[in-house]
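Since the structure comes first, as structure tokens, the remarks are kept for the end.
Naming: A, B, ... by sequence-line order, numbering from 1 per chain. Computed from a predicted structure; not experimentally measured.
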There are 2 protein chains.
Amino acid sequence: MSIDEVVDRADRGRVTLQVIAGKLDVSTATVSLALRDSPVVAEATKARVQALARELGYIYNRSAASLRTARTNMIAVGFHDITNPYFAEMLVAVEETAAEAGRTILLGTYAESLERQERVLGTLKEYRPDGMILCPAGGATAESLNHLTAARIPVVQISREIDGVGLDFVGSDDEMGADLAIGHLVDLGHTRIAMIGGNDAISTGRARHRGYRAALQRRGLPFDPALVYMDYGSRQTGLAGIQAVLDLPDPPTAAFCFNDLTAFGALLGLRHRMREAGVDFSIVGCDDVQEAAQWYPALTTVRNHHAEMGRRAAELLIERIENPDLPPRRVLIAPELIVRASTVKR
Amino acid sequence: MSIDEVVDRADRGRVTLQVIAGKLDVSTATVSLALRDSPVVAEATKARVQALARELGYIYNRSAASLRTARTNMIAVGFHDITNPYFAEMLVAVEETAAEAGRTILLGTYAESLERQERVLGTLKEYRPDGMILCPAGGATAESLNHLTAARIPVVQISREIDGVGLDFVGSDDEMGADLAIGHLVDLGHTRIAMIGGNDAISTGRARHRGYRAALQRRGLPFDPALVYMDYGSRQTGLAGIQAVLDLPDPPTAAFCFNDLTAFGALLGLRHRMREAGVDFSIVGCDDVQEAAQWYPALTTVRNHHAEMGRRAAELLIERIENPDLPPRRVLIAPELIVRASTVKR
DNA sequence: GTGAAAGCGCTAACAG
DNA sequence: CTGTTAGCGCTTTCAC
């Protein structure tokens, strides 16, 4: 073969197993095996094949392989929002774990739109990922995931859980987390404790609110609905929520926030009222995103080990891909209270 | 066909064009056309095909289609770090723009590791994405992307630029951004202005430092190397950097930070020294991530329109996919100074 | 240790 | 308007 031919081939990006086989006068089967370093091929042959492949700039075509093997080595990830550092950090953990296991991430996002989620998941599944990791939009129902189970696609839910789908789940023990937070505040002498952010549309919202009420009750404290400000867990919610409860005739002295983002907003809202967390008010967040330690005051929060959640979800999924008949598993990671500077004795 | 057969097919996830064609006694070609709503197929036939496809739970197999068409409708995105909100927000814009154009994102990350970048890009290209959007790790060279250009894969670089690769680029005009920042500080009466964060390994680092020097010079201010604290643009860098320059015999009264993350760290570092931005010191960030407006004090920063960068990058890539022979384009988005509360008259 | 051949599920000519 | 045919690039028996 001439150099020109080689360049020509490489140029047109059309180097296939056939081309290599042709030039070396071996079969495509041998080339295929050789490139995958099969022990069945003679060392000398392998070396020749691999050398030529490199020289020609051969690129393995996974679409073709997938068609044949019914395996894509792709893991589809459907997240509602990767702008929230909690999910961004979780996604990185998923991606890194997947990459270590030779898998690549196919990503879809849908904010909190059920309709976009529908479309995105539909598209993702056409790529035939070996499995999916999902954090559904608020209000998603078991029926909305039926098409995935019907197609027998291995799915693990992360962080948010939909009741009654028999799918794997990796999340945090949110009732315990709320209890940790409330316990800490009560220990500091607080008796009027607000809960800001979170709503009934998502499982974490329900669980953290449930945990909040149970924790109060467990400690003999009354539940006052006026102290509960429910909304999507954003900075804006925290900003508005803290001010709303501060305006109450009998305002709280502390607040447990649905997540760190809400807590950051609350920290700010406090300043707008010339108050300061850690001085004359206490704020506890939930999640422990990187930013939490960096705030001023540094945020006391419930660490949910979200990177570990990401890693575990990827591991669970890979196990399920390899063994689809496993019974559904539910792994709850125990949260941990991280006391920093935003909480103070009453 | 019996219901049992249907259920059986659906169960085994093996509904293909052939199956539908067989049941309807038409050819696979017709089914293929009908499912894509081709005008060439009779309405009645289309309706029958589409109805049966839905009934059987047919899932389009993009691997198979890709093999045939040499188009995957995937866009590979290689980012070094999506934990930085700047890049997370950019990624969302890329993903949404791609989704609107019927493309899905294949994601790879590599932190700042050139070796991981190498591996990740190599894997991504085996999936035969129609194109790639890259933000390379620090220190990446033109050679390290040669394999992509050799394979004639359309690539657009985003945010960070590698000299001498003839690839499309979408980024911000960083010298202008630095000039905006320094101009603002000089207008406020500052003459000793530090620059914190950023390094020579990445194009934005070089450009912002170049802009910083040029801006000083343009205003007749001396350049003092002691005021420059170079490092990767992280919160930690800001925290350490601000304290380092504050320790100088002749400390600055203001600082321009490489990015918002660094600025957040600097804001904190100031507090560790009982100083406060917007009161007795001025800090200007760069990027304007969502968090910037939420800080206390709210951060004065150079808005780089990173969401628009993401959108433009996706658009440029799609244009190039459709027209590979376009000459390389370089789009620089003009930054904008956003004055908030972290800067104050000297 | 290597080759021949079939086929994964789809699309694109081309014929009729 | 619909069918026939070939083939995308790979993997996998099964022979030899």
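In the 5' to 3' direction, nucleotides of DNA chain D lying under 4.0 Å from heavy atoms of chain A begin and end at D/dG9 to D/dT12.
Note on the helix from C/dG1-D/dC16 to C/dG16-D/dC1: terminal axis deviation equals 30°, with five pairs used at each end and the result rounded to 10°.
Listed by chain and residue number, A/R62 satisfy the side chain to side chain donor-acceptor pair (under 3.5 Å) test with B/E126 (two or more places apart in sequence, or in another chain). Scanning for side chain to side chain donor-acceptor pair (under 3.5 Å) contacts around A/S32 gives A/R36, with sequence neighbours left out. For B/E118, there are no side chain to side chain donor-acceptor pair (under 3.5 Å) partners at least two apart in sequence or on another chain. Remark: B/E100 engages no residue in a salt bridge (Lys or Arg N to Asp or Glu O under 4.0 Å) (not counting sequence neighbours). Under the rule for a side chain to side chain donor-acceptor pair (under 3.5 Å), B/Q117 has no partner lying at least two apart in sequence or in another chain. Applying the salt bridge (Lys or Arg N to Asp or Glu O under 4.0 Å) criterion to B/R116, with sequence neighbours excluded, gives A/E96.
One atom, CG of B/L17, and another, C1' of C/dT11, lie 9 Å apart when rounded to the nearest Å. Atom CG of A/L24 is separated from atom P of C/dG1 by 17 Å (rounded to the nearest Å). If you take CZ of B/R71 and P of C/dT11, they are 14 Å apart, rounded to a whole angstrom. Atom CZ of A/R62 and atom C1' of C/dG9 are 20 Å apart (whole Å).
In this model, no donor atom of one side chain and acceptor atom of the other lie less than 3.5 Å apart for B/T28 and B/Q18.
Judged by distance alone, with hydrogens and angles left aside, the side-chain atoms of A/S38 form a donor-acceptor pair with the main-chain N or O of A/V40 at under 3.5 Å. Using a distance-only test at 3.5 Å, with no hydrogens or angles considered, a donor-acceptor pair links the side chain of B/T97 to the main chain of B/A93. Within the 3.5 Å criterion, the main-chain N or O of B/R128 finds a donor-acceptor partner in the side chain of B/T72. Not a single donor-acceptor pair under 3.5 Å links the side chain of B/R312 to the backbone N or O of B/V331.
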Just the table, please: protein N/O against nucleotides 5-8 of chain C N/O, every pair under 3.5 Å.
{"residue": "C/dG7", "atom": "N2", "partner": "A/R68", "partner atom": "NH1", "Å": "3.4"}
{"residue": "C/dC8", "atom": "O2", "partner": "A/R68", "partner atom": "N", "Å": "3.4"}

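Within residues 32-48 of chain A, the residues having any heavy atom under 4.0 Å from DNA chain D are, by residue number, A/S32, A/R36.
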For residues 73-84 of chain B, tabulate all N or O donor-acceptor pairs below 3.5 Å that involve a side-chain atom, not counting sequence neighbours.
{"residue": "B/H80", "atom": "ND1", "partner": "B/E112", "partner atom": "OE2", "Å": "3.0"}
{"residue": "B/H80", "atom": "NE2", "partner": "B/R160", "partner atom": "NH2", "Å": "3.3"}
{"residue": "B/D81", "atom": "OD1", "partner": "B/T83", "partner atom": "N", "Å": "2.8"}
{"residue": "B/N84", "atom": "OD1", "partner": "B/Y86", "partner atom": "N", "Å": "2.9"}

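For the ring-ring contact (aromatic ring centres under 6.0 Å, His included) condition, no pair includes a residue of residues 114-170 of chain B, sequence neighbours left out.
Here A/S27 reaches the OP1 or OP2 of C/dG3: one of its side-chain N or O atoms lies under 4.0 Å away.
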